[in-house]
A.B. asks: 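Take a look at the following structure, please.
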Amino acid sequence: MQPVRSFASDNNAGIHPEILKAIASVNQGHVVGYGDDPYTQSAIIKFHEHFGPEIEVFFVFNGTAANVLGLKAITQSYHAVICAESAHIYTDECGAPEKFTGCKLLPIPTADGKLTVEAAQHAYHGMGDQHHVQPRVISITQASEMGTVYQPDEIRALAQFAHQHDMFLHMDGARIANAAVSLRQSLREATRDLDVDVLSFGGTKNGLMGAEAVIFLNKKLIEENNVSQNFLYMRKQGMQLASKMRFIAAQMEALLSDDLWLKNARHSNRMATLLEKQVSQISQVKIVYKVEANGVFAQIPKHVISKLQDRYFFYVWNEDKGVVRWMCSFDTTEKDIKDFTKFLREVLSQ
């Protein structure tokens, strides 16, 4: 089968060669299943190196599970989660957060995918009234669904507001590596040091295969909720306990070793910046959101979209306005960008 290049999603990319090597390296002999193996413990230690020893980390298969279980651990069914209207938990998880947590999601319209304290305040009401759901979590996506990146002060302000109102700050970090690169921060600086309480840590979009994690960053939350014990049962009930955990753990350890997470994210971000630069030179193309991570959102003439999709797979973000999303991955090349831009010019000139 001829390899196909696309700009649809970083999920569409393959597995990084170093990750494949890591999987193969632990594919020998027998070890105890369900995470009671030395490879899983070694991977957890690697997370401690990046985020600090006081955290708790649990591996799961996919990002929806990381979000749902992370939220479930800090809510009751009468609680509510404040999020952006464009948030993945609201638009692309088929109601899973509401089904499995019982919580109501309170979506807030945003101009660029990012929540503000002012916007969150509008959803914070009805406290103590038994007729209303009780806001308990603010959930943000970093980088956002529009490819924008929360700045440190923005996250810190949301965390402060949440904590002052007896709420938690959850971060959907499906692309946290890309955000950290954009901010020139370490993983800890971009999350725990900004007072994020729970992080859904993304691996799949950064070169892994079916490997994500839920990380509890707030020591007080961990202790008061007995997270180290209780979350084990939640994960099992949530059908996210891997029997052959070593193959997820090996991927995570490899990603967090030798700056692989950083190299992959830096490359995909750089390719998005290059793509933006190239297509911005075409008069019929308008960049609609600031390119701060590995996604480019552009408005193009609607009649050329299907012609482009005959050769390149990508998603239409807004059909009415002709806004499309082009995502770059760890394996996107400069030639991919050049060829795509050339073809874009050709279809626009027809």
Side-chain angles (χ1 to χ4, degrees), residues 47 50-52 54-60 62-75 81-93 97 101 103 105-108 110 112-117 119-120 135-163 167-183 185-206 212-222 227 231 261 265 292-294:
F47 273 88
H50 282 270
F51 292 94
E54 302 88 359
I55 68 160
E56 291 283 349
V57 57
F58 302 88
F59 301 139
V60 295
N62 56 57
T64 296
N67 285 333
V68 169
L69 292 176
L71 291 172
K72 184 174 177 59
I74 54 177
T75 57
V81 178
I82 300 170
C83 63
E85 193 174 53
S86 59
H88 200 273
I89 60 172
Y90 183 68
T91 63
D92 285 301
E93 292 181 350
T101 68
C103 295
L105 300 185
L106 302 177
I108 306 297
T110 66
D112 58 359
K114 298 195 299 183
L115 278 179
T116 63
V117 170
R136 182 62 166 165
V137 181
I138 296 175
S139 180
I140 62 174
T141 310
Q142 182 72 323
S144 81
E145 283 76 8
M146 274 77 157
T148 53
V149 172
Y150 285 89
Q151 297 302 301
D153 288 347
E154 294 173 324
I155 297 175
R156 193 176 285 111
L158 283 165
Q160 184 178 20
F161 174 79
H163 297 156
M167 294 191 293
F168 297 110
L169 181 63
H170 164 260
M171 178 182 285
D172 178 349
R175 297 186 176 94
I176 184 58
N178 301 94
V181 165
S182 178
L183 296 170
Q185 290 185 317
S186 68
L187 292 171
R188 173 170 177 160
E189 288 171 338
T191 56
R192 186 181 175 194
D193 288 353
L194 299 177
D195 293 330
V196 174
D197 297 300
V198 182
L199 170 67
S200 299
F201 178 83
T204 308
K205 289 178 170 61
N206 202 21
E212 312 279 315
V214 181
I215 309 177
F216 296 91
L217 302 167
N218 182 325
K219 184 178 180 181
K220 182 179 179 181
L221 166 65
I222 292 169
V227 164
F231 195 81
W261 72 272
E292 296 180 317
N294 63 319

A.B. asks: Pick out which of Arg188, Lys220, Arg192 makes a salt bridge (charged side-chain N to carboxylate O under 4.0 Å, His left out) with Glu54.
C.D. replies: Arg192

A.B. asks: Using modelled atom types and a 3.5 Å cut-off, is there a donor and acceptor pairing between side-chain atoms of Thr101 and backbone atoms of Cys103?
C.D. replies: yes

A.B. asks: Find out whether Asn294 and Arg175 are in side-chain contact, i.e. whether some heavy atom of one side chain is under 4.5 Å from a heavy atom of the other.
C.D. replies: yes

A.B. asks: Nearest 0.5 Å, please: how far is OG in Ser139 from CG in Leu71?
C.D. replies: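 The CG atom of Leu71 sits 5.5 Å away from the OG atom of Ser139.
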
A.B. asks: Looking at side-chain heavy atoms only, is the closest gap between Val57 and Phe201 below 4.5 Å?
C.D. replies: no

A.B. asks: First locate atom CG of Asp92, then atom OG1 of Thr64, and finally report the distance between them rounded to the nearest 0.5 Å.
C.D. replies: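 Those atoms lie 8.5 Å apart.
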
A.B. asks: In the structure I gave you, are the side-chain heavy atoms of Val137 and Thr75 within less than 4.5 Å of one another anywhere?
C.D. replies: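 The answer is yes, as the side chains (C-beta and beyond) meet within the 4.5 Å cut-off.
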
A.B. asks: Taking C-beta and beyond as the side chain, do Met167 and Ile74 meet within less than 4.5 Å on heavy atoms?
C.D. replies: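 No. Closest side-chain heavy atoms not under 4.5 Å.
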
A.B. asks: How about Ile215 and Val198: do any of their side-chain heavy atoms sit closer than 4.5 Å?
C.D. replies: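 No, their side chains stay 4.5 Å or more apart.
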
A.B. asks: So which atom in Tyr90 and which in Cys83 form the shortest heavy-atom distance, rounded to 0.1 Å?
C.D. replies: CB-SG, 4.1 Å

A.B. asks: Quick one: are Arg156 and Asp193 in side-chain contact, heavy atoms under 4.5 Å?
C.D. replies: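 They are not in contact (no side-chain heavy atoms under 4.5 Å apart), so the answer is no.
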
A.B. asks: Heavy atoms only: give me the nearest Tyr150-Leu158 pair and the separation to one decimal.
C.D. replies: CE2-CD1, 3.9 Å

A.B. asks: Counting the benzene-type ring for Trp, do Phe58 and Phe47 have ring centres under 6.0 Å apart?
C.D. replies: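 No - the distance between ring centres of Phe58 and Phe47 does not fall below the 6.0 Å cut-off.
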
A.B. asks: Looking only at non-hydrogen atoms, find the nearest pair between Thr91 and Ser86 and report the distance.
C.D. replies: OG1-O, 3.6 Å

A.B. asks: Measure from the side-chain N and O atoms of Asn206 to the backbone N and O of Trp261, and report whether any donor-acceptor pair falls under 3.5 Å.
C.D. replies: yes

A.B. asks: Walk me through whether Thr204 and Asn62 qualify under side chain to side chain contact (heavy atoms under 4.5 Å, CB included).
C.D. replies: CA-CA 8 Å; Thr204 308; Asn62 56 57; over 6 Å; no

A.B. asks: To the nearest 0.5 angstrom, please state how far the CG atom of Asn218 sits from the CD1 atom of Ile55.
C.D. replies: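 Interatomic distance, Asn218 CG to Ile55 CD1, rounded to 0.5 Å: 12.5 Å.
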
A.B. asks: Is there a donor-acceptor contact under 3.5 Å from the side chain of Gln160 to the main chain of Ala157?
C.D. replies: no

A.B. asks: Please give me the minimum heavy-atom distance between Val149 and Ala143, naming the atom from each residue.
C.D. replies: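 Here Val149 and Ala143 meet closest at CG2-CB, 4.0 Å.
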
A.B. asks: Pair Met171, Thr191 - check side chain to side chain contact (heavy atoms under 4.5 Å, CB included), show working.
C.D. replies: CA-CA 8 Å; Met171 178 182 285; Thr191 56; 3.9 Å; yes

A.B. asks: Which heavy atom of Met146 sits nearest to which heavy atom of Asp112, and what is that distance?
C.D. replies: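 Scanning both residues completely, I find the closest heavy atoms to be CB-O, 3.6 Å.
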
A.B. asks: Okay, side chain of Thr141, backbone of Ala87: is any donor-acceptor separation there less than 3.5 Å?
C.D. replies: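 Answer holds: no.
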
A.B. asks: Just verifying a value: how many Å separate Glu85 CD and Thr110 OG1, rounded to the nearest 0.5 Å?
C.D. replies: 7.5 Å

A.B. asks: Which heavy atom of Ala213 sits nearest a heavy atom of Phe59, and at what distance?
C.D. replies: CB-CD2, 3.9 Å

A.B. asks: How long is the span from the CG atom in Leu194 to the CD atom in Gln151, to the nearest 0.5 Å?
C.D. replies: 10.5 Å

A.B. asks: Side-chain contact test, heavy atoms from C-beta onward, threshold under 4.5 Å: evaluate it for His88 versus Glu145 and give yes or no.
C.D. replies: yes

A.B. asks: Given 3.5 Å as the limit, does a donor-acceptor pair link the side chain of Glu56 with the main chain of Phe216, or not?
C.D. replies: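 Here the side-chain-to-backbone pair does not exist.
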
A.B. asks: Sub-3.5 Å donor-acceptor pair from the side chain of Thr148 to the main-chain atoms of Ser144, do we have one?
C.D. replies: no

A.B. asks: Can you tell if the side chain of Ile140 reaches within under 4.5 Å of the side chain of Lys114, non-hydrogen atoms only?
C.D. replies: no

A.B. asks: Would you compute the distance between atom NE2 of His170 and atom CG of Leu217 and round it to the nearest 0.5 angstrom?
C.D. replies: 10.5 Å

A.B. asks: Any donor and acceptor pair, going by atom type alone, linking the side chain of Asn178 with main-chain N or O of Ala180 inside 3.5 Å?
C.D. replies: no

A.B. asks: Passes side-chain hydrogen bond (donor to acceptor under 3.5 Å, both in side chains), Glu212 versus Ser200? Steps please.
C.D. replies: CA-CA 7 Å; Glu212 312 279 315; Ser200 299; over 6 Å; no

A.B. asks: Taking atom types as modelled and ignoring hydrogens, do the side chains of Glu93 and Asn67 form a donor-acceptor contact shorter than 3.5 angstrom?
C.D. replies: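 Their side chains do contain a donor-acceptor pair, which is all the 3.5 Å distance test asks for.
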
A.B. asks: Between Asp197 and Phe168, is there a donor-acceptor pair closer than 3.5 Å when you use the side chain of the first and the backbone of the second?
C.D. replies: no

